[in-house]
Visitor: 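Once you've had a glance at the structure underneath, I'll fire off some questions.
The model shown is predicted, which means the values in this text are computed figures rather than measured ones. Quick note: numbers below take in every heavy atom, side chains included, and nothing from hydrogens, waters or symmetry partners.
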Amino acid sequence: MPGAPLNPGSTDTDRLLDRVRKLLALAESPNVHEAAAAAGKAQALIATHRLAALLAEDAPVRSAPIGQEQLEASRRLRRWKTVLAAGLADANGCIAFTRPGQGRVQILMLAGQADDRAAFHAMWGWLVETLTWLSASHGGGRGKRWHDDFRVGAALAVCRRLAAAATAPTEGLSPEALVRLEPALATRAAALDRYAREELQLRKGRALRVEPAAFEAGQAAGAALDLG
């Protein structure tokens, strides 16, 4: 497994996230497909380093402490951002959720291990900017609701592909490595599930209602992006 292990607060983590940010710097390219390809490569790079850490001989089969933090707060959280946060969080071993704040404020939160949350943040800002640009380039003259529904569809399409990029590094592993990984991955997943159940007590969200044409256009645009 290439790459240094991903250890929270270590220079290895700093180097990894620096590489991720350099990849996503391609977002400044006028070619959106070139920029999007960087996202898939960055997600695969994060996953490769995470697996390397779990395969390290001295890596304990236990979960690191789970914490939570605020992503955004608003009286009207954008639906597409909650969809994007949920998908990106899932691809990086985290949970994104909303909770009420003071008054009518709604807060978008992120929970997970420190290294997983750091990986999420390395991708989050870039993806928000990319989907904003994508709807602007496809929906000139459209209203806010159209753009929101377009971005919901695009976010779902992009996150499905990021999830595939996150699991791709396991395909090249030997059966022996997969056997060693299974208990570590199961332990991390169980710890996150337990935290969500006992600490967050999350309830199932309401189904999204979207304009079909805008949603489908967003899904098509998100699926067409070259994520490398």
Visitor: Should we say atom CD of E182 is surrounded by more than 12 heavy atoms from elsewhere, each under 6.0 Å from it?
Guide: no
Visitor: Ignoring hydrogens, what is the shortest heavy-atom contact between N92 and L88? Give both atom names and the distance.
Guide: ND2-O, 3.0 Å
Visitor: Contact between W124 and K81 at the side-chain level, heavy atoms closer than 4.5 Å - yes or no?
Guide: yes
Visitor: Could you go through L71 and F120, starting from their C-alpha distance and side-chain angles, then the distance that decides it, and tell me whether this counts as side chain to side chain contact (heavy atoms under 4.5 Å, CB included)?
Guide: CA-CA 11 Å; L71 291 176; F120 174 98; 3.8 Å; yes
Visitor: Give, for atom CZ of R142 and atom NE2 of H147, the distance between the pair rounded to the nearest 0.5 Å.
Guide: 8.0 Å
Visitor: If you compare all heavy atoms of M109 against all heavy atoms of Q70, which two are closest, and at what distance to 0.1 Å?
Guide: SD-CA, 3.6 Å
Visitor: I need the minimum non-hydrogen distance between A89 and A96, along with the two atoms involved.
Guide: CB-N, 3.7 Å
Visitor: About how many Å separate OG1 of T48 and CD of Q43, when rounded to the nearest 0.5 Å?
Guide: 10.0 Å
Visitor: Between atom CG of L178 and atom CG of L185, what is the distance when rounded to the nearest 0.5 Å?
Guide: 9.0 Å
Visitor: Using a 4.5 Å cut-off on heavy atoms from C-beta on, say whether the side chain of T132 contacts that of W80.
Guide: yes
Visitor: Rounded to the nearest 0.5 Å, how far apart are CG of L134 and CG of L127?
Guide: 11.5 Å
Visitor: Within the 4.5 Å heavy-atom criterion, are T130 and V158 side-chain neighbours or not?
Guide: no
Visitor: Hey, is D115 close enough to R188 for a salt bridge, meaning N to O under 4.0 Å?
Guide: yes
Visitor: List the atom of L192, the atom of G93, and the distance in Å for their closest heavy-atom pair.
Guide: CD2-O, 3.3 Å
Visitor: With the side chain counted from C-beta on, respond yes when I66 and E199 share a heavy-atom pair under 4.5 Å apart, and no when they do not.
Guide: no
Visitor: Hey, what do you get for CZ (F97) to CD1 (I107), rounding to the nearest 0.5 Å?
Guide: 9.5 Å
Visitor: Just to verify, which of F150, W146, W133 counts as forming a ring-ring contact (aromatic ring centres under 6.0 Å, His included) with H138?
Guide: F150
Visitor: Is M123 close to H121 at the side-chain level, that is, under 4.5 Å between some pair of heavy atoms?
Guide: no
Visitor: What heavy-atom pair brings A73 and V105 nearest, and what distance separates the two atoms?
Guide: CB-CG1, 4.0 Å
Visitor: How long is the gap from NZ on K144 to CZ on R78, to the nearest 0.5 Å?
Guide: 7.0 Å
Visitor: Taking all heavy atoms of C159 and all of V83, pick out the closest pair and write down the distance.
Guide: SG-O, 4.5 Å
Visitor: Is the shortest heavy-atom distance from the side chain of Q106 to the side chain of P100 under 4.5 Å?
Guide: yes
